[in-house]
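For this chain, numbers begin at 1 and follow the sequence in order. Computed from heavy atoms alone, side chains included, the values below leave out hydrogens, waters and symmetry copies.
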Amino acid sequence: MKTLLELDLRKLLQHVERLCGVELPRRVIEVALVEDSMLYVKFREPRGLEVGEPLHPLIHVFKDSESGEVTALEIMDLDRLLSELKSQNA
């Protein structure tokens with residue numbers, strides 16, 4: 001992945017939901033691609049502290065410590081996850 005313009009974010013987030021058994025918010029306020037392989041997706045600002053937890057070896061979810069709502073998501077190896085998604089759709 002070289003640019004965010006190549007990414008189908010909706011399809012990727014649906015894949016993450018199926019893979020991790022979690023429901024993610026539908027509103028995205030920020031997306032960042034770090035060093036061509038780590039994707040950061042922010043859904044909302046936390047009201048309190050933000051607590052992260054791994055859902056999968058490649059995926060960490062962040063939640064608001066007060067409400068428990070998902071605030072952000074990190075995908076550590078985007079290329080690997082996209083390959084997985086592509087092979088499932090083939």
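Across every non-hydrogen atom of Phe43 and Ile29, the tightest pair is O-CG2, 3.8 Å. The two residues Gly48 and Glu66 make their nearest non-hydrogen contact at CA-OE2, 3.6 Å. Here the closest non-hydrogen pair linking Pro25 and Val70 is CG-O, 3.7 Å. Minimum heavy-atom separation, Gly68 to Lys63: O-CD, 3.6 Å. When all heavy atoms of Leu58 and Arg80 are compared, the closest pair comes out as CD2-NH1, 3.8 Å. Here the closest non-hydrogen pair linking Glu74 and Met76 is OE1-CE, 3.2 Å.
Contact check on Glu17 versus Arg26 returns a salt bridge, with a Lys/Arg side-chain nitrogen under 4.0 Å from an Asp/Glu carboxylate oxygen.
The distance from atom CG of Asp8 to atom CG of Leu13, rounded to the nearest 0.5 Å, is 9.5 Å. Distance check: Met38 CE to Tyr40 OH gives 9.0 Å after rounding to the nearest 0.5 Å. Annotation: the span from Gln14 atom CD to Leu9 atom CG amounts to 10.0 Å, rounded to 0.5 Å. A distance of 11.0 Å separates CG in Leu82 from NZ in Lys11, rounded to the nearest 0.5 Å.
By the rule that hydrophobic residues join a cluster once side-chain heavy atoms approach within less than 4.5 Å of another member, Val61 and Val34 end up as members of separate clusters. Note on Leu33 and Val31: same hydrophobic cluster, where clusters join Ile, Leu, Val, Met, Phe, Trp and Tyr whose side-chain heavy atoms are under 4.5 Å apart, directly or indirectly. No continuous path of hydrophobic side-chain contacts links Phe62 to Leu73 [ILVMFWY only; heavy atoms under 4.5 Å].
Checked against Asp64 for a side-chain contact (heavy atoms from CB on, under 4.5 Å), the options Glu50, Arg47, Glu45 give a single hit: Arg47.
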- Message: Let's go through Lys42 and Thr71 carefully: what are the C-alpha distance in whole Å and the side-chain angles of both, what is the deciding distance for side chain to side chain contact (heavy atoms under 4.5 Å, CB included) to 0.1 Å, and is it a yes or a no?
- Response: CA-CA 6 Å; Lys42 187 167 200 136; Thr71 56; 5.9 Å; no

- Task: Starting from the C-alpha separation in whole Å, work towards a yes-or-no answer on side chain to side chain contact (heavy atoms under 4.5 Å, CB included) for Leu7 and Leu39.
- Result: CA-CA 10 Å; Leu7 183 64; Leu39 183 72; 3.9 Å; yes

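Side-chain contact between Leu78 and Leu12: present, with at least one pair of heavy atoms (C-beta onward) separated by less than 4.5 Å. Between Val16 and Leu81, the closest side-chain pair of non-hydrogen atoms falls below 4.5 Å.
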